[in-house]
Amino acid sequence: MARIGVFVCHCGENIGRTVDCHGVAEACKDVPGVVHSVDYKYMCSDPGQQMVKNAIAEKGLTGVVVAACSPHMHEKTFRRATAGAGLNPFLCEMANVREHCSWIHEDREKATVKAVDITKTIIEKVKRNVPLNTIRIPVTRRALVIGGGIAGIQAALDIADGGREVILVEKGPSIGGHMSQLSETFPTLDCSQCILTPRMVEVYQHPRIKLYAYSEVESVEGYIGNFKVTVRRKARSVDEDKCNGCGACTQVCPNKKIPSEFDCGLGKRTAIYVPFPQAVPNLPTVDRNKCLLFMNRAKGRPDTCKKCADACAKGAIDFDQQDRLVTEDVGAIVVATGYQLYTIGKDQPKDNLKGYGEYGYGTIPDVIDGLQFERLASASGPTSGKILRPSDGKEPKRIVFLQCIGSRDPQKGMEYCSKICCMYVAKHTMLYHHKVHDGQATVFYMDIRAAGKGYEEFSRRAIEEEGAQYIRGRVSRMWREGDVIKILGFDTLEGEPIEMDADMVVLATAMRPQPGIDALAQKLSVSYDQHGFINEAHPKLRPVETNTAGIFVAGACQAPRDIPDAVAMASATASKVLGLFANEMLEREPTVACVNEANCAGCFHCERVCAYGAVEHKDIKDRAGNVVRVIAYVNPGVCQGCGTCQATCPSKSVELQGFTDEQIWGEIQALGV
Amino acid sequence: MTELRELARRLLSEGTVNAVLGWEEGPRGARPAFVTTPEGADTLIFDHRCVHNLASYLSPRRPHLKRLGKVAMVLKPCDARAVAGLIRETQIPRDKVVLIGVRCGGVITDPDSTAPLTEATVADRCRGCPDREGHLADHTVGTAGPGFAGPSKRAQKIEELAAAPAEKRWAFWQSELEKCVRCHACRQVCPMCYCDRCLADKTQPRWIESSPHARGNMAWHVARAMHLAGRCVDCGECERVCPEGIPLGLITRKIAQVVSERYDFRPSDDPAVPAPVGTYRMDDPQEFIL
Amino acid sequence: MDATTPAVAGGFEPRITAFVCNWCTYTGADLAGTSRLQMASNVRIIRLPCTGRIDPMFITKAFERGADGIIVSGCHPADCHYNAGNYHARRRFAIFRELMDFLGVDTGRITFSWVSASEGGKWRDVVNDAVTRVRALGPFTDYRKLVVDPVATATGVVPPEHVGKEVPA
Ligand SMILES: Cc1cc2nc3c(=O)[nH]c(=O)nc-3n(C[C@H](O)[C@H](O)[C@H](O)COP(=O)(O)OP(=O)(O)OC[C@H]3O[C@@H](n4cnc5c(N)ncnc54)[C@H](O)[C@@H]3O)c2cc1C
Ligand code: SF4
Ligand code: SF4
Ligand code: SF4
Ligand code: SF4
Ligand code: SF4
């Protein structure tokens, strides 16, 4: 039989002014199951809490109802007091008679009646409360970081510096991501490689970071604190233990005309290659699609060439190397897979993207994209930092930049703003003017969005001090006449059409998530938006968490991000991961869903509605070990306690602890006439 | 019919299945049949009196069928939607059952009737039914009539009720629901009502009072309608078996209309098509929310 | 009539049960309190973690227990603390509302709203509107009349003379 204690708080005058607190306490005495009902000036004060503790001890209470302020205010306080007296804290609940009653009504009689009702609902609830115990889950205190761009590098370093082991998986042959391709970075124009390379080396040398470059995540199982990750280490055809990075192999490779991905097709590489000189790890990789030996193998011909193997003093080249699968146990995962640029031109990955054929990208050689411009401007790039046009190697004297190509364009591209283009176009005009003193840079823009520390000043400098010409408007068509690019556009400020000649045009294309992000997100069971960007758990309050507990997100795979944003997010994920790893056991509120195994029909409606993937399938076996039924199981480590599953389950075979049907039924009963 | 019988005989004699679930001629009309021997296949029939939705026999909660091991089931296009529902909701593994689709041009409402299939006698759900054969079947046999176009009588009744004031609707439903004796035949026959322990039988807490009175009846029919929203395949079985003649098909039809208008959903015989309840779109209509 | 005006002595005061989510509407109602926004005192709140947890059975039970009106309220789309509970609730209650309407319940008795944690003022308006509306509709005696019939409970059959009548429990 329930023995409930009711404690009505006056909150000084706050409740007492409009609610007859003593009357409420008296009225509750008549409720069956209530053995103790008192009122007091300040329940949350030490003597008030002591009253609760004493009553639990003296009256042998089985439940506590504090009629006072909002549970958001003091539920923790009174649950702690309850626990202090040896009663399970989840047997204590609050009736909100302040925010929801005394503060919003003036009529004392009505407010008192309502306060009694509110208290009675909670009494009925508490009668049906059961002791709950904090859930404790063991935590593997190692992290996985997916993607070795600046975001992934920063996250890995911060976690490792915080004392925990990190597995860093990068799908390319080297870490560094897009930042390694940039020349100089806004808003300070510091050299990208100079600030990035030391960090890459630090990753490589860090005793607590295990780097799997040229690798991809094959599968992920488990849940927060307990993930099992299988990584596919793709065959480089080079034995990393033997190779000392001398580069002799790349010198002798006869296939030298392969467009370099790192140089965005503006430079060339060999079939066995290191993407760029500062690559980490400094290991060559055989591109099996371009290597003559593998091309022969594909045609069923005998192995030929082997020039690289002959040149290698260490015997490190292994044409028969296979992909290897390695499994790692980790407790947390950071997703930092970055971005790609909108594909301009005819071939489009998705039907809804139209590609801007009218700008002639791919047919007019001197129409390039922003990353290609970065490579031209980079001292280590294919032109050693000289701005030269791809078609004839001449220095362009008139250069035109088009912003928002594929951004803010629901018809042909993406409806969102890519955020960084305004800034890097301003940067590009400056870099151009620094290098081509007699040149003129012109920018077609829609708006200039330069919100960020020093950003507005930076873009103003590009215009006011460095002489970039900014035209508000769009370009409708471009074509080539001789070696001149003809531009037809519209100036929306002047309200008139514009015709212009250019020697080179740079398209600032939209940022999109990496290809394959959806497959990875599905493996991780994190959600992504219609564009493929990973969704954060809450846009304001949980910006670096995903909806799957223990999985975090950093950098441009979540939304268009510049470097400071990406780094800030990465450090934020690291602090989340380190927080999670602070204890060997993860403690969670026990208000999670729990399946009634005898009644569950295994229809898995619950699984379909659970936003966290907390519902798993559980086999029920007979004595012989045959599976006789498959039913739902809620993983308490993953469940967040929303209760959507319970409302959806037809037979109510899954119950949310703390808000069970019994409890709510009791509350509704209490309000009856 | 010969095609059906021959196929059933072959499946049984070759040992592909241990039983074929179909229809036979009973003393009063068509009735469900279990055929376990090749010779028995000759008793199988299919015509416009084969109204029963046999999918409910496939429910894992029917142990006698389970004991038979692999079975074949004869199914109309509408039955196929129920089987798809059971597969979708992981109640039956697709490979545990051989599905023999029969082409169908409509059935009547009463399996015991001798009435021919006409515009006047055809079951309401068959009016406007677009499917002459189910897509889920492993084999498809028979020939089908042309089917029947609308208008659905239930749709007319629903419109008529909608046009009336709320009190009229209340009065109409109270006069219908008060007849309910809570035999739960509507639940037992429903292929999608397969819960081990139905909410109506739960006592802790008791959301639905179990004795047949207006209050419990209301709760029961609200619960049933909500649980079957977007899952009901409109087989009409609940209304057919109701001993009190309560027009349950009006409720199921109404909800189906709501689900189709709001979420562009029609019960599908493709198990991969998700049910509309349990999924959502961010831009679902919400005109009723302040 | 304004909802906050005290009803004439003996006048009808509706009883309204509100099912609200913990993170948005409950907190919004807290804010209404902290901001001392005065509103009608007819509403009793039952707190759930999420609108996703709110079951149509809660509503039928509340009507059975004599509620004249119901409020269901939670986080705006895209604001759900649990990502998608409100989206599932939106479908569930869109259907439920149409069902109730079809069964002859005046849907003016059931209010659905999105009230965020910062919308104390909106909560007050939702409460006052619901109270005014339900007050105008009068007591929900139709539902209350659906009482337990002792004869039916004992015998399993509703005696014809009890059909549609108010029978003492
Ligand atoms: C033209 C241009 C100029 C720019 N200039 C500036 C500037 O001046 N200043 C500035 O602040 N920002 C600038 N940016 C933005 C900057 O490039 C990004 O902010 C930054 O690179 C984002 O880092 P990231 O780590 O999130 O992504 P990325 O740099 O894209 O790195 C992601 C990494 O993850 C790897 N990866 C992807 N998928 C997988 C997978 N499935 N498994 C394993 N690994 C994977 C990729 O190979 C890559 O190495 C510029 C961008 C452009 C396009
Ligand atoms: S808990 Fe309920 S919804 Fe989930 S599988 Fe079991 S019966 Fe179905
Ligand atoms: S309570 Fe919510 S989070 Fe937990 S299993 Fe149910 S639906 Fe998933
Ligand atoms: S509710 Fe009725 S019509 Fe719908 S599937 Fe069940 S038995 Fe068939
Ligand atoms: S009425 Fe609901 S709970 Fe009962 S069997 Fe049907 S689906 Fe299951
Ligand atoms: S079959 Fe008819 S009488 Fe029986 S429970 Fe269903 S509606 Fe009521």
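Just so you know, these numbers come straight off a predicted model, no measurement behind them. Residue numbering restarts at 1 for every chain, and letters A, B, ... go by the order of the sequence lines. What you see below is based on every heavy atom in this structure, not just the backbone, and it leaves out hydrogens, waters and symmetry mates.
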Asker: Taking the side chain as C-beta and beyond, is there a heavy-atom pair between B:Q286 and C:F112 under 4.5 Å?
Answerer: no
Asker: When only pairs under 4.5 Å are counted, which of C:D101, C:V126, C:D142 shares the most heavy-atom pairs with chain B?
Answerer: C:D142
Asker: Quick one: what part of C:S113 sits under 4.5 Å from any heavy atom of chain B, side chain, backbone, both or neither?
Answerer: both
Asker: Using side-chain heavy atoms (C-beta onward) and a distance below 4.5 Å, is B:I251 in contact with C:L103?
Answerer: yes
Asker: Calculate, to the nearest 0.5 Å, the distance between atoms CZ and CZ belonging to B:F288 and C:R90 respectively.
Answerer: 8.0 Å
Asker: Would you check if B:E261 and C:E98 make a side-chain contact, meaning some heavy-atom pair closer than 4.5 Å?
Answerer: no
Asker: Counting only heavy atoms closer than 4.5 Å, note whether C:V72 contacts chain B via side chain, backbone, both or neither.
Answerer: neither
Asker: Quick check on C:F58 against chain B: is it the side chain, the backbone, both or neither that has a heavy atom closer than 4.5 Å?
Answerer: both
Asker: More than 12 heavy atoms of other residues, nucleotides or ligands under 6.0 Å from CG of B:D283: yes or no?
Answerer: yes
Asker: Would you mind checking which part of B:T279 comes under 4.5 Å of any heavy atom in chain C, side chain (CB onward), backbone (N, CA, C, O), both or neither?
Answerer: both
Asker: Identify the two heavy atoms, one from B:L290 and one from C:R133, that lie closest to each other, and give their separation to 0.1 Å.
Answerer: CD1-NH2, 4.4 Å
Asker: For B:Q188, is the CD atom crowded, meaning more than 12 foreign heavy atoms sit under 6.0 Å from it?
Answerer: yes
Asker: With chain C, which of B:V277, B:V259, B:L250 has the greatest number of heavy-atom pairs at distances under 4.5 Å?
Answerer: B:L250
Asker: Measure the spacing between CG of C:L99 and CZ of B:R224 and express it to the nearest 0.5 Å.
Answerer: 11.0 Å
Asker: Within 45° of the ring axis of B:Y263 and under 6.0 Å from its six-membered ring centre, is that where the NZ or CZ of C:R91 lies?
Answerer: yes
Asker: Donor-acceptor check, side chain of B:R215 to backbone of C:R144, threshold 3.5 angstrom: yes or no?
Answerer: no
Asker: Do you know the tightest heavy-atom contact between B:A219 and C:M57?
Answerer: O-CE, 3.7 Å
Asker: With only heavy atoms counted, which part of C:T111 is less than 4.5 Å from chain B, the side chain, the backbone, both or neither?
Answerer: side chain
Asker: Within the 4.5 Å heavy-atom criterion, are C:E64 and B:E209 side-chain neighbours or not?
Answerer: yes
Asker: Contact part of B:V222 toward chain C, heavy-atom cut-off under 4.5 Å: side chain, backbone, both or neither?
Answerer: both
Asker: Identify which of C:I95, C:I110, C:T60 forms the greatest number of heavy-atom pairs closer than 4.5 Å to chain B.
Answerer: C:I95
Asker: Is it the backbone or the side chain of C:R97 that comes under 4.5 Å from a heavy atom of chain B, or both, or neither?
Answerer: side chain
Asker: Checking C:D125 against chain B: side chain, backbone, both or neither under 4.5 Å from a heavy atom?
Answerer: neither
Asker: Hey, does the side chain of B:R262 reach the backbone of C:A94 with a donor-acceptor pair shorter than 3.5 angstrom?
Answerer: no
Asker: For a 4.5 angstrom cut-off between non-hydrogen side-chain atoms, does B:L161 reach C:F102?
Answerer: yes
Asker: Please work out whether the ring planes of B:Y280 and C:H88 are parallel, tilted or perpendicular, with thresholds of 30° and 60°.
Answerer: perpendicular
Asker: Verify, without hydrogens or angle tests, whether B:W170 (side chain) and C:D106 (backbone) share a donor-acceptor contact under 3.5 angstrom.
Answerer: no
Asker: For chain C, which candidate among B:G216, B:G278, B:P285 shows the most heavy-atom pairs at distances under 4.5 Å?
Answerer: B:G278
Asker: Can you tell which part of B:A162 gets under 4.5 Å to a heavy atom of chain C, answering side chain, backbone, both or neither?
Answerer: neither
Asker: Please check if atom CZ in B:R281 has more than 12 non-hydrogen atoms from other residues, nucleotides or ligands closer than 6.0 Å.
Answerer: no
Asker: If we ignore hydrogens and angles and just use 3.5 Å, is the side chain of C:R92 paired with the main-chain N or O of B:M226 as donor and acceptor?
Answerer: no
Asker: For chain C, which candidate among B:A229, B:P276, B:A171 shows the most heavy-atom pairs at distances under 4.5 Å?
Answerer: B:P276
